[in-house]
Amino acid sequence: MIVCVAVVGHQNNPLYLQSFTEADDALKLHHIVHCSLDVIDERVNNPKKIGSMLNETFLGLLYPTENYKVYGYLTNTKVKFILVTRDLDVRDADVRNFFRRFHTAYVDAVSNPFHEPGKKITSRIFAERVSTIVKSFGLSAAV
């Protein structure tokens with residue numbers, strides 16, 4: 001189950017953050033997202049010596065906590081997508097599919113001529129698409 005998704009700009013400014021749990025967990029999830037930025041920066045600035053990973057936008061599992069797993073994705077424009085899930089047995093294929101769909105929704109939202117680049121995403125349509133993507137997360141494995 002996805003508990004939080006976030007979009008963070010190339011200057012580490014939050015562009016979008018949505019939690020799908022009680023309000024009590026919101027501050028904890030903000031902290032988890034903020035801490036994941038350090039892990040992303042470490043992976044981007046110190047890439048492994050594997051040639052196929054250099055152009056990979058999917059960063060995979062950033063770090064697990066006691067209750068959550070945090071996944072990351074980095075766009076070509078250095079915008080970071082962060083996914084926090086409560087399930088401890090999530091398949092990478094499901095997470096990759098989520099990020100692919102989430103990236104498409106993000107591109108559609110920032111392509112709006114009324115959206116100012118680098119500013120928070122306030123589009124109601126984007127929020128609805130994100131909710132739909134979150135609800136359908138992992139359903140392909142259940143079929």
Side-chain angles (χ1 to χ4, degrees), residues 1-50 52-112 115-143:
M1 177 178 131
I2 294 176
V3 293
C4 181
V5 293
V7 178
V8 181
H10 68 280
Q11 296 177 333
N12 289 341
N13 54 321
L15 300 178
Y16 181 81
L17 195 138
Q18 177 66 43
S19 61
F20 300 94
T21 62
E22 300 83 32
D24 297 343
D25 289 342
L27 186 60
K28 183 194 304 185
L29 294 170
H30 282 256
H31 179 70
I32 289 171
V33 167
H34 183 74
C35 290
S36 67
L37 295 176
D38 292 334
V39 178
I40 291 173
D41 286 341
E42 183 178 319
R43 287 199 186 173
V44 170
N45 294 330
N46 302 318
K48 296 177 182 174
K49 302 298 181 200
I50 303 171
S52 63
M53 294 295 288
L54 293 178
N55 293 329
E56 181 69 43
T57 56
F58 177 64
L59 299 173
L61 178 66
L62 298 177
Y63 68 94
T65 64
E66 187 174 319
N67 299 322
Y68 305 112
K69 279 190 171 181
V70 183
Y71 293 89
Y73 182 93
L74 183 69
T75 68
N76 292 335
T77 57
K78 305 297 183 215
V79 173
K80 301 155 195 83
F81 299 155
I82 299 165
L83 167 69
V84 182
T85 180
R86 186 171 283 145
D87 295 332
L88 300 180
D89 57 347
V90 177
R91 297 181 346 177
D92 271 356
D94 291 336
V95 177
R96 283 179 187 269
N97 185 38
F98 170 83
F99 279 129
R100 183 182 50 78
R101 294 176 64 200
F102 189 75
H103 193 181
T104 302
Y106 169 77
V107 168
D108 290 344
V110 298
S111 295
N112 181 344
H115 174 73
E116 292 183 46
K119 300 291 182 189
K120 289 191 176 206
I121 301 170
T122 57
S123 169
R124 180 183 48 80
I125 295 171
F126 177 70
E128 290 171 359
R129 282 186 70 184
V130 169
S131 294
T132 302
I133 295 168
V134 166
K135 288 176 187 172
S136 68
F137 178 74
L139 293 182
S140 62
V143 175

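Numbers for residues simply follow the sequence, beginning at 1. Scope of the values below: all heavy atoms of this structure, side chains included, with no hydrogens, waters or symmetry mates.
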Consider only side-chain N and O atoms of [X] and [Y], and report whether a donor and an acceptor are under 3.5 Å apart.
X	Y	value
Asn13	Lys120	no
Ser136	Arg101	yes
Ser19	Thr21	no

Taking all atoms of both residues into account, what is the closest heavy-atom pair of [X] and [Y], and its distance?
X	Y	answer
Phe137	Asp94	CE1-O, 3.6 Å
Val70	Ser36	CG1-CB, 3.8 Å
Lys80	Asp41	CE-OD1, 4.1 Å
Tyr16	Ile121	CD1-O, 3.7 Å
Cys4	Val33	SG-CG2, 4.0 Å

State, yes or no, whether a side-chain contact exists between [X] and [Y] at a heavy-atom distance under 4.5 Å.
X	Y	value
Thr85	Val95	no
Thr75	Val107	no
Asp92	Tyr71	yes

Is it true that, when you exclude His115 itself, more than 12 heavy atoms of the residues, nucleotides or ligands shown sit nearer than 6.0 Å to its NE2? yes
What do you reckon, is CD1 of Ile125 surrounded by more than 12 foreign heavy atoms closer than 6.0 Å? no
Inter-residue atom distance [X].[atom1] - [Y].[atom2], 0.5 Å rounding:
X	Y	atom1	atom2	result
Phe102	Tyr73	CZ	OH	11.0 Å
Lys69	Asp89	NZ	CG	7.5 Å
Lys135	Phe20	NZ	CZ	9.0 Å
His103	Thr57	NE2	OG1	7.5 Å
Phe126	Asp108	CZ	CG	9.5 Å
Tyr68	Ile32	OH	CD1	5.5 Å

side-chain contact (heavy atoms from CB on, under 4.5 Å) for Val84 and Thr65? Distances and angles first, verdict last. CA-CA 10 Å; Val84 182; Thr65 64; over 6 Å; no
Once you measure the plane-to-plane angle for Phe58 and Phe99, does it fall in the parallel (<30°), tilted (30-60°) or perpendicular (>60°) bin? tilted
Under the criterion side-chain contact (heavy atoms from CB on, under 4.5 Å), I'd like the reasoning laid out for Leu27 against His31: C-alpha separation, chi angles, the key distance, then a yes or no. CA-CA 6 Å; Leu27 186 60; His31 179 70; over 6 Å; no
